[in-house]
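As structure tokens, the structure follows; a few thoughts come after it.
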Amino acid sequence: MTESSKPPVIAIDGPTASGKGTVAALVAKALGFHYLDSGALYRLVALASEREGVSTENASFLSKIAASMPISFQDGQIMLGDEDVSELIRAEKIGRRASELAVHPEVRQALVRLQHGFRQNPGLVADGRDMASVIFPDAGLKVFLTASVAARAERRYKQLIAKGISANMSDLLQDLTARDARDSSRGSAPLMVAEGAIVLDTSELSIDQAVSQVLSWYRSSVSSQS
Ligand code: DC
């Protein structure tokens, strides 16, 4: 397949709890595209390795787990073997562990092919930290979706409370700040605004407004190419 005949990709990167997952999934739905939640892959490595008692420092063992874990995505459910782990991987401690093990280039490399496999017709919306910079540098539209730490902590707080999970605002703020720092400062594929990416600050936007903005950018990028 030539570069230009590859299925189109919309890359949506951004910090934790920026709403990029919700926005990316809705943009994919509106366009009938596939959806890649790349953070879920790092979270799956976090869960699978925790169960095997592997330290987040052990890059070679972690990359073996990343390359061989029996995962599948079925109708919105995230499966590890026969088990639906969609909820389990959303735990705060799994997110923190995912951020810790994502610093290792070997782990990141082990997940590249899996991520490329999601690029199928009619197109893909991919969300993460390095979608535009590393995994899909030829994406037709690159969006960096962000929001203030306070807005993100508040959204996460509401999500957790709605799920009946107790949460503490100052712990959430501290955790988000630490995670941002780790994801942005690591040597391998750090979180950053990729060249050519458009920044969308959603602090004051509803989900619908953010989705409409991304769709409108995508439609103009497609019409300017044709
Ligand atoms: O998007 P998320 O919060 O589910 O991601 C969890 C962690 O996984 C995040 O803190 C860093 C890591 N991650 C990454 O390094 N690269 C990606 N493309 C996606 C996630």
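Because the structure is a prediction, the values reported are computed rather than measured. Whatever order the structure lists ligands and atoms in, that order sets their numbers, starting from 1.
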Mind checking whether Ser99 contacts ligand 1 via backbone (N, CA, C, O), side chain (CB onward), both or neither, at a 4.0 Å heavy-atom cut-off? both

Which bit of Arg182 gets closer than 4.0 Å to ligand 1, counting heavy atoms only: side chain, backbone, both or neither? neither

Residue and atom name of the nearest protein heavy atom (relative to [atom]), distance in Å to one decimal:
| atom | answer |
| --- | --- |
| atom 3 (O) of ligand 1 | Arg43 NH2, 3.1 Å |
| atom 13 (N) of ligand 1 | Tyr42 CD1, 3.7 Å |
| atom 1 (O) of ligand 1 | Arg129 NH1, 2.9 Å |
| atom 16 (N) of ligand 1 | Arg108 NH2, 3.0 Å |

With heavy atoms of [X] as the reference, note each atom of ligand 1 found under 4.0 Å away.
| X | answer |
| --- | --- |
| Asp183 | 9 (C), 10 (O), 11 (C) |
| Ala102 | 12 (C), 15 (O) |
| Lys20 | 1 (O) |

Report the relative orientation of the aromatic rings in Tyr218 and Phe33; use parallel for angles under 30°, tilted for 30 to 60°, perpendicular for over 60°. perpendicular

Give me the atom names and distance for the closest heavy-atom approach of Gly76 to Ser86. O-OG, 4.3 Å

Work out whether the distance between some heavy atom of Gln115 and some atom of ligand 1 is less than 4.0 Å. no

Less than 4.0 Å is my threshold; does some heavy atom of Arg186 fall inside it relative to ligand 1? yes

So, are Arg96 and Asp175 salt-bridged, with charged N and O less than 4.0 Å apart? yes

